[in-house]
Amino acid sequence: MRLESIKHDQQMIMNGIQDMVFIIDVKPGSSFHYSFLNIATMKGTGLSEIIRLYTKCGGLL
C-alpha cells in the first residue's frame with residue numbers, strides 16, 4: 001500500500017513538469033524500454049502509454 005502511494009505521488013510530480021520527461025531503462029546490448037513518459041512527452045511526441053508497454057515487453061504486443 002505504501003509503495004503504491006509513493007508511486008502515485010511520483011507520477012503526480014512528474015506529470016506536473018511541463019518539460020518532456022523520458023525515463024528509459026537501458027539493458028545490455030541494444031535493448032531498452034521506456035519506464036515512464038510524462039504527459040508533456042506524450043503530447044509533444046505523439047507517443048503514448050502503449051509505446052511504454054510495447055518496449056517493456058520487447059516489442060511483443
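Salt bridge Lys27/Asp25: present, at least one basic N to carboxylate O contact under 4.0 Å.
The minimum heavy-atom distance linking Gln18 with Ala40 is given by the pair O-CB, 3.3 Å. Scanning both residues, Asn38 and Ile17, for their nearest heavy atoms gives ND2-O, 3.2 Å.
Legend: residues meeting ring-ring contact (aromatic ring centres under 6.0 Å, His included) with Phe32, ordered by chain and number and at least two apart, are Tyr34.
Side-chain atoms of Ser35 never come within 3.5 Å of backbone atoms of Ile24 as a donor-acceptor pair (strictly under, hydrogens ignored).
Under the 4.5 Å side-chain criterion, counting only non-hydrogen atoms from C-beta, Ile51 is in contact with Leu37. With a 4.5 Å cut-off on side-chain heavy atoms, Met14 and Ile23 count as touching.
A continuous path of hydrophobic side-chain contacts links Val26 to Leu47 [ILVMFWY only; heavy atoms under 4.5 Å]. Residues Met42 and Phe22 fall within the same hydrophobic cluster, defined by Ile, Leu, Val, Met, Phe, Trp and Tyr side chains chained together at heavy-atom separations under 4.5 Å.
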Quick one: do Thr45 and Met20 satisfy side chain to side chain contact (heavy atoms under 4.5 Å, CB included)? Show the steps, please.
CA-CA 9 Å; Thr45 65; Met20 289 191 269; 3.7 Å; yes
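The distance from the CG atom of Asn15 to the CD atom of Gln10 is 12.0 Å, given to the nearest 0.5 Å.
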